[in-house]
Undergrad: 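Before I ask anything, here is the structure I am working with.
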Amino acid sequence: ALQAGVGERIAVAGYVPYSGRTGAQGREAGLVYLPPGAAPDQRVAGKIVLFDLPRATLTGDFFHRLALRAYDPAGSLPPGAPYARAYQVLEVLTALQEKLQAAGAVGAIAIIDAPAQTAEGLYAPYDRELRAVPALYVDRDAGRRLKALAAKGAALRLTLDAQVEQ
């Protein structure tokens, strides 16, 4: 859950599996936006970090070159058509999670550049590597709202009450 100020709840698309947990009380901290390509540094210590999940750049060409044979009479995946899925960039996400942890971030929010119905329920990465920084996914609309809050230096409460079981 995300809460900004008194009573304003921000819609969450999902949680990052194996990320840290906050307990039922959550963590309140300042929100900072980390632009694409920027490395986490002392600015993120003690903060909840908002960042854009990069988009994959695959197109139909990628699959057509690998295919031994293709059957697509409706032309649903033409050679130049973009094929972008959030799960294609998870190595970037996990590397950033490690850097955020090392820099002292207390929370992370990844913006998926997709509408709510597409972003909702992403369950990845599932590498079973426990990380300390609790992280959530939001869709593009919630991401825009959070960027506006970060620009104002707002504080946010991030709650990820979870259990880890064998």
Undergrad: Are the side chains of Leu93 and Phe51 in contact, using a 4.5 Å heavy-atom criterion?
TA: yes
Undergrad: Do Ser19 side-chain atoms and Arg131 backbone N/O form a donor-acceptor pair below 3.5 Å?
TA: no
Undergrad: Could you tell me which non-hydrogen atom of Leu149 sits nearest to which non-hydrogen atom of Ala4, and how far apart they are?
TA: CD1-CB, 3.6 Å
Undergrad: Please find the pair of heavy atoms, one from His64 and one from Pro78, that lie closest to each other, and give the distance.
TA: NE2-C, 4.1 Å
Undergrad: Could you walk me through whether Ile10 and Leu146 pass the side chain to side chain contact (heavy atoms under 4.5 Å, CB included) test, one step at a time?
TA: CA-CA 8 Å; Ile10 309 289; Leu146 288 167; 4.1 Å; yes
Undergrad: Over all heavy atoms of both residues, which pair between Ala135 and Gln97 is shortest? Give the atoms and the distance, please.
TA: CB-NE2, 4.2 Å
Undergrad: Begin from the C-alpha positions of Arg145 and Asp139 and carry the test salt bridge (Lys or Arg N to Asp or Glu O under 4.0 Å) through to its verdict.
TA: CA-CA 10 Å; Arg145 175 66 183 131; Asp139 65 53; over 6 Å; no
Undergrad: Enter the distance from Glu28:CD to Arg157:CZ here, rounded to the nearest 0.5 Å.
TA: 4.5 Å
Undergrad: Answer whether the closest heavy-atom distance between the side chains of Leu96 and Pro40 falls below 4.5 Å.
TA: yes
Undergrad: Which heavy atom in Ala11 sits nearest to a heavy atom in Val138, and how many Å separate them?
TA: O-CG1, 3.6 Å
Undergrad: To the closest 0.5 Å, what do you measure between CZ (Phe63) and CG (Leu77)?
TA: 7.0 Å
Undergrad: Answer with yes or no whether the hydrophobic clustering places Tyr18 together with Leu136; edges join I, L, V, M, F, W, Y residues whose side-chain heavy atoms lie under 4.5 Å apart.
TA: yes
Undergrad: Apply side chain to side chain contact (heavy atoms under 4.5 Å, CB included) to the pair Thr22 and Leu158, showing each step before the final yes or no.
TA: CA-CA 8 Å; Thr22 65; Leu158 185 151; 3.9 Å; yes
Undergrad: Just to verify, what does Asp41 make a salt bridge (Lys or Arg N to Asp or Glu O under 4.0 Å) with, not counting sequence neighbours?
TA: Arg43
Undergrad: With the side chain counted from C-beta on, respond yes when Pro134 and Arg21 share a heavy-atom pair under 4.5 Å apart, and no when they do not.
TA: no
Undergrad: Check whether any side-chain heavy atom of Lys152 lies under 4.5 Å from a side-chain heavy atom of Leu31, and answer yes or no.
TA: no
Undergrad: Report yes if some heavy atom in the side chain of Lys147 is under 4.5 Å from a heavy atom in the side chain of Tyr33; otherwise report no.
TA: yes
Undergrad: Ignoring hydrogens, what is the shortest heavy-atom contact between Asp113 and Arg140? Give both atom names and the distance.
TA: OD1-NE, 3.0 Å
Undergrad: Tell me whether Arg27 contacts the main-chain N or O of Gly107 through its side chain, where contact means a donor paired with an acceptor under 3.5 Å.
TA: no
Undergrad: Scan Leu2, Leu100, Val32, Ile109 and name whichever one has a side chain to side chain contact (heavy atoms under 4.5 Å, CB included) with Ile48.
TA: Ile109
Undergrad: Any salt bridge (charged side-chain N to carboxylate O under 4.0 Å, His left out) pairs touching residues 64-77, not counting sequence neighbours?
TA: none
Undergrad: Hey, are the side chains of Leu50 and Leu34 touching, using non-hydrogen atoms and a 4.5 Å cut-off?
TA: no
Undergrad: Grab the two heavy atoms, one from Gln101 and one from Ala132, that are nearest each other, plus how far apart they are.
TA: OE1-N, 3.0 Å
Undergrad: Are any of the side-chain heavy atoms of Val16 and Tyr137 separated by less than 4.5 Å?
TA: yes
